[in-house]
Amino acid sequence: MAQGHIAPQGLKWVISDTIAMTWRGLLRYVRMPQLLIFSTIQPILFLLLFAYVFGGAIQTPGLNYINFLVPGILVQVVIFGSVQTGVGLAEDLGKGMIDRFRSLPMARSAVLTGRTLADLVRNIFVMILMIAVAGIMGFRAEGGFFRLVLALGMIALFGFAFSWISAAIGLSVRNSETAQVAGFIWVFPLVFASSIFVPIDTMPGWLEAFAKISPITVTVNSVRALMVGTPIGDNWWQSLIWIFGILIDFSMLSVLQYRRAR
Amino acid sequence: MESNIIISVEDIYKSYGNVHALEGVSFQVPRGSILGLLGPNGAGKTTLVNILTTLLKPDKGRALISGIDVARQPSKVRSRIGLAGQFAAVDENLTGKENLELVGTLYHLPRAEVRVRARRLLEEFSLTDAVNRKTKTYSGGMRRRLDVASSLIGEPEILFLDEPTTGLDPKSRLELWETIEGLVRKGTTVLLTTQYLEEADYLTDRIVIIDQGKVVAQGTSKELKSTIGGGVLEIHVADKQHVVALVEALNVFGPHADFALGIVTIPVKEGTKTLSETIRKIDAANIEISDIELRKPTLDEVFLELTGNNRPVPK
Ligand SMILES: Nc1ncnc2c1ncn2[C@@H]1O[C@H](COP(=O)(O)OP(=O)(O)OP(=O)(O)O)[C@@H](O)[C@H]1O
Ligand SMILES: [Mg+2]
């Protein structure tokens with residue numbers, strides 16, 4: 001009889017609890033729309049800045065710069081967006097919400113998956129908004145609709161993986177301001193040392209070597225190829241290895257941190 | 001196993017690093033009663049509540065809820081309990097109604113039932129005017145009430161309330177007391193911690209006093225009051241300047257001095273000649289008094305006596 005609590009309802013409860021917690025996570029953005037507004041305005045500003053100010057000076061052979069830039073900006077959107085996962089969890093820890101959830105007969109996994117899934121939905125929403133803005137600025141997904149959807153799916157999955165890194169950070173720092181800073185500080189250099197804004201072969205050798213293997217670069221290269229309709233090469237499987245590697249490692253680490261977080 | 005005992009705490013130890021929060025705490029709570037857990041700041045009340053509500057595991061000893069070991073089968077325990085922790089845990093971005101309904105959903109209650117219970121609780125806790133407002137806009141007392149309401153939505157057999165009335169105005173406090181009494185009438189067992197001795201005196205059936213991680217006394221409030229014997233002797237000095245002199249002259253264990261009012265209170269052991277001895281000492285020290293009275297102790301005095309706080313340091 002001991003430990004026999006995975007009742008027949010087990011899976012049903014995991015699903016219903018996850019849905020309830022995801023809904024709760026999404027309401028956070030509905031009630032604090034500023035979180036969404038800033039995470040949309042910032043990439044739009046970047047889009048304008050790079051497309052109209054720096055873009056002219058950046059050589060992107062075979063592509064106009066806006067078509068080069070948009071896939072990268074979308075990846076940047078989900079990376080920065082994923083920081084909110086850790087901020088939200090740290091907030092829950094600090095405000096005692098996690099204690100409340102732990103005392104309930106709910107599926108424990110739902111606290112973490114609810115949050116990361118809510119941020120996945122949020123990322124998809126912001127991506128679609130960005131695609132619309134980019135369309136107005138002259139972006140064309142020349143690879144066709146199907147490849148565009150595939151690319152968006154890949155970016156969303158990449159953001160989901162980063163949400164788990166962010167979750168592990170949020171659960172270990174336990175303070176929402178710190179989670180905000182700790183979440184951004186390490187992704188910032190990674191974002192710039194990648195193929196998001198410029199082709200990496202213009203970088204100094206050492207930086208290029210780093211940027212080449214960065215998960216951001218291989219993912220950006222994949223989704224760029226998908227969107228503009230060029231050959232995808234080896235990037236897609238390298239990106240998937242990164243995505244699933246991050247997902248597995250950091251979801252396990254987060255669960256560990258969550259168990260210990262008191 | 002006595003089936004009448006619903007909470008059984010058996011020799012529990014818990015340390016945080018080298019802070020020994022609990023050092024061998026044991027007590028039992030009969031089904032359908034209210035137990036008050038009293039103790040000064042840092043005594044270990046919250047730690048114990050967290051262990052009983054499966055948030056923490058004890059280092060040693062065990063706790064049983066309805067005969068189920070909380071450390072071994074936490075998920076079985078969770079469906080029987082409700083917890084309102086020391087700091088109100090409400091989601092600031094949700095409305096009062098949404099907060100309650102979320103918790104109800106996580107207890108796996110049917111959708112319709114969740115709504116009915118949420119509406120009833122919001123009424124009971126006078127939150128109907130604020131149901132559709134984000135709780136970010138709630139006052140401290142409103143959050144507290146919503147937090148306690150959330151702990152009730154699952155209609156738990158056993159309710160844990162960690163300082164439920166801290167920060168409530170007198171009217172809300174009385175209302176919460178009434179709600180708690182109502183629950184107990186319906187058979188709920190309640191364990192609450194409090195800083196208000198008046199609350200423990202009024203509300204609880206039994207009181208457990210802990211200090212520095214140990215149980216220092218337990219019993220009904222009546223029993224506790226009689227532990228300091230016959231009562232207390234309250235001496236009013238004529239000149240407030242003489243309070244210290246009086247404490248020194250009396251030279252007894254556990255005096256309590258009120259400098260502002262010029263009153264010194266000392267416990268009186270039954271069957272001793274405290275009254276006559278005291279008067280002799282006062283005369284010898286040549287201190288003028290305006291009044292002297294022998295009376296029953298209040299729970300505060302029992303508490304101070306037992307936990308040793310506020311005892312003027314000799315010399
Ligand atoms: N997470 C923690 N890490 C380290 N020490 C802790 C932790 N939580 C509590 N303590 C310590 O354990 C002791 C008991 O704390 P606890 O919170 O249980 O007391 P309490 O009786 O609830 O006090 P209060 O009336 O102030 O709420 C205190 O000395 C406290 O400093
Ligand atoms: Mg406490």
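The model shown is predicted, which means the values in this text are computed figures rather than measured ones.
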**Student:** Using side-chain heavy atoms (C-beta onward) and a distance below 4.5 Å, is A/L27 in contact with B/L94?
**Tutor:**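 They are in contact (side-chain heavy atoms under 4.5 Å apart), so the answer is yes.
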**Student:** Using a cut-off of 6.0 Å, state whether more than 12 heavy atoms not belonging to A/I185 lie near its atom CD1.
**Tutor:**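 No, because the 6.0 Å sphere around CD1 of A/I185 holds 12 heavy atoms or fewer from other groups.
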**Student:** Should A/M32 and B/E92 count as side-chain neighbours, where that means a heavy-atom distance under 4.5 Å?
**Tutor:**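 Counting from C-beta outward, A/M32 and B/E92 never come under 4.5 Å.
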**Student:** Chain A: which of B/I81, B/V77, B/V90 shares the most heavy-atom pairs with it under 4.5 Å?
**Tutor:**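 Result: the option with the highest number of such pairs is B/V90.
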**Student:** What part of B/E98 gets closer than 4.5 Å to chain A, counting heavy atoms only: side chain, backbone, both or neither?
**Tutor:**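 For B/E98, side-chain heavy atoms alone lie under 4.5 Å from chain A.
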**Student:** Does any backbone or side-chain atom of B/D69 lie under 4.5 Å from a heavy atom of chain A? Answer side chain, backbone, both or neither.
**Tutor:**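 B/D69 has no heavy atom closer than 4.5 Å to chain A.
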**Student:** Write down the atom of A/R102, the atom of B/T54, and the distance for their closest heavy-atom approach.
**Tutor:**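 Nearest heavy atoms, A/R102 then B/T54: O-OG1, 3.8 Å.
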**Student:** Counting only heavy atoms not in B/Y196, do more than 12 fall under 6.0 Å of its OH?
**Tutor:**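 It does: B/Y196 OH has more than 12 such atoms within range.
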**Student:** Assess whether atom CZ of A/F192 is packed by more than 12 heavy atoms of other residues, nucleotides or ligands within 6.0 Å.
**Tutor:**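 More than 12 heavy atoms, drawn from other residues, nucleotides or ligands, come within 6.0 Å of this atom.
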**Student:** Any ion pair linking B/D91 and A/R28 (charged N to carboxylate O, less than 4.0 Å)?
**Tutor:**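 No.
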**Student:** Give a yes or no on whether B/K97 atom NZ has more than 12 heavy-atom contacts from other residues, nucleotides or ligands under 6.0 Å away.
**Tutor:**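 Result for NZ/B/K97: open.
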**Student:** For A/G96 versus B/A89, what's the shortest heavy-atom pair and its separation?
**Tutor:**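 The answer is O-CB, 3.3 Å.
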**Student:** Could you measure the distance from the OG1 atom of B/T95 to the CZ atom of A/R31? Nearest 0.5 Å is fine.
**Tutor:**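 Rounded to the nearest 0.5 Å, the OG1-CZ separation comes to 6.0 Å.
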**Student:** Just so I understand: if I count every heavy-atom pair under 4.5 Å between each of B/G85, B/G154, B/S150 and chain A, which residue has the most?
**Tutor:**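 Highest number of heavy-atom pairs under 4.5 Å: B/S150.
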**Student:** Suppose a student defines contact as a heavy atom less than 4.5 Å from any heavy atom of chain A. Which residues in residues 101-130 of chain B would they list?
**Tutor:**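 Within residues 101-130 of chain B, near chain A: B/L102, B/V103, B/T105, B/L106, B/Y107, B/H108.
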**Student:** B/S151 versus A/R100: any side-chain heavy-atom pair under 4.5 Å?
**Tutor:**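 Yes, side chains in contact.
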**Student:** Counting only heavy atoms not in A/Q180 (residues, nucleotides, ligands), do more than 12 fall under 6.0 Å from its CD?
**Tutor:**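 Counting neighbours around CD of A/Q180, more than 12 heavy atoms of other residues, nucleotides or ligands fall under 6.0 Å, so yes.
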